Asks: 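Just dropping this structure here.
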Amino acid sequence: MKHRSTHGFTLLEVLVAIAILGLGLTVILSSQTGLFASASRGEHMTAASNLVRCKMSEIELQLEQKGFNLTDENDEGPCCDDDTEGYSCSWKIERVELPPMPDQSLDPMAAPSASAGGLALGGLNGPGGLGAPGALGALGGPPGAAPGGLGAGGPLGALAALGAGQLPGGAAGAGKPGGASPMDMLGALGGSTGGLEAMVFGFVYPSLKPMLEASIRRVTVKVSWREGKRERDLEVTQFLARPQEGQLATAEQLQLQQQGQAVGALLNGPGAAAPGTPGATTPTTGTPTTGLVPR
Amino acid sequence: MNRRLALSTRRLRGFTLLEVLISIAILAFITSLLFGAFSALKRSKDGLSRVQDRQREGRLAMSRITRELQSAYVSAHLPLNQALIQQKTIFKGERGTPADRVDFTAFANRRLERDEHVSDQCELSYFGSPNPDGSGTNDLVRRIDTTLDLEPTKGGRIEVLATDIDLFDLQYLDAQTGQWQETWDTSQTTGQPDRLPLQVRVILVLNGGSRSSSDSGRNKIRLVTKVGLHMLQPLTFATL
């Protein structure tokens, strides 16, 4: 044994030691390259998230001014007018496909609103008489809307009043006799829990579906860039709504709005109202989606 | 005894001077290599964190600017008697180097304390200001005044949004002409008295995007975006 110990290391021992050392150094240095990679990823992400917002604003503006196309659009190009070297954008503007008329007993579209607004309506799932919906309208609406709901007469009017009570924007529809404009139907949709409401919804939905689909577009913007050899991208999707595309904003409502603007212009001249808290503007865009997804 | 001594002589002798010198030389060589590697590691880590800091400044500034610009408004509520006017709302953008200046009123104030006597309305400004430490650099600063008054471009407190900027450029999209404007003014009849820009284009360029501290002027961080405004008309109670 002593004889052997004077020989130093064998080649195998040296090789194993070098291999272990190499392994350790590789681990340390690879963590270094990971640091570089994630740092450069973060830089690109910062720029890309700003560019994606920029492109999305451009598309919003384009759709707002030129309206929706009937066909899907699929395009690519520079992201933000200029100076975006290294980044390229592609975007899609697609029609949406709404689900078919859901099963009345298990209505998935009404499910979220049922828990929020439909608690008081639980007893009315059966085939209620004509009088019951009227009472329902009076119950569901706020105090101000109750007379409108009672005066509306038919079940449709009551439903409209009910929907109007739950949607701040739909309050104007509560006083109308009949109350059968599409917007009010949408309001009713928001409050429907089943029974009679679902039945009415079943009548209305097939005609509403193409109107809704015509007024909603799904916009997807993707910014892509190269990071070393790898292709990276950032994708953002949003839904845009324009009620006038599907004739969802009725002439009556547009007229009301124009009157409002005229009065506003009058007020701008002399300056009449009290200072301070500004009134809320409700643009026509966005209202139908509010109807679909209350709150 | 003799035989045992003779056998173990070589072991007991220890190392020769030459062996020790060589081993120390090799050890020193390896140590210097390792030290070099680790100091390079530390340098690049410092450089990276410097760049990350600059990136974070730019990112925060951009997200804050875009969020607050989105809630900009002007109000048309004025008392009939002009002497009773308590507050003015404006949206005013001016050119400047290296930073443009914008003053506007917005629903952007965040109440930080419960029962604080402030609303979400505030006066906001972004503009460039020379760094007070005399380094010759410019900072992008933000002014916020939570009390609306007759001077919507003054008052309040000023805080730094981003240090050492190279450029802060704003352009405003006019809905009527469809053109991008370099300036905007709702307070002058010669400007845009009755409307806000449809969109605002924000360009923020920061110095110091380089990992080494010496050539901080070369590499720049350029952030570009566009943000759409929502309350384009002056607010009135009569608007539905």
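Keep in mind the model is a prediction, meaning the values are calculated, not measured. Just so we're on the same page: letters track the sequence lines, and every chain starts at 1. Atom set for the values below is all heavy atoms of this structure, side chains included, hydrogens, waters and symmetry mates excluded.
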Asks: So which residue, A:S57, A:A47, A:S49, ends up with the most heavy-atom pairs under 4.5 Å with chain B?
Replies: A:S57

Asks: Would you please name every residue forming a side chain to side chain contact (heavy atoms under 4.5 Å, CB included) with A:R41, sequence neighbours left out?
Replies: A:M45, A:E227, A:R232

Asks: Could you tell me if the side chain of A:L25 sits less than 4.5 Å from the side chain of B:L34, heavy atoms only?
Replies: yes

Asks: Counting heavy-atom pairs under 4.5 Å to chain B, which of A:E58, A:M56, A:Q65 comes out on top?
Replies: A:E58

Asks: Who pairs with A:K229 by salt bridge (Lys or Arg N to Asp or Glu O under 4.0 Å), at least two apart in sequence or on another chain?
Replies: none

Asks: With respect to chain A, which residue among B:V202, B:T66, B:I85 yields the maximal number of heavy-atom pairs within a distance under 4.5 Å?
Replies: B:T66

Asks: Please tell me if the side chains of B:L198 and A:L61 come closer than 4.5 Å, counting only heavy atoms from C-beta onward.
Replies: yes

Asks: In this structure, are over 12 heavy atoms from other groups packed under 6.0 Å from A:Q62 atom CD?
Replies: yes

Asks: Between A:L35 and B:L48, is there a side-chain heavy-atom distance shorter than 4.5 Å?
Replies: yes

Asks: List the steps, then state whether side-chain contact (heavy atoms from CB on, under 4.5 Å) holds for A:T46 with B:L223.
Replies: CA-CA 8 Å; A:T46 307; B:L223 300 171; 3.8 Å; yes

Asks: Nearest 0.5 angstrom please: B:Q199 CD to A:C54 SG, how far?
Replies: 8.0 Å

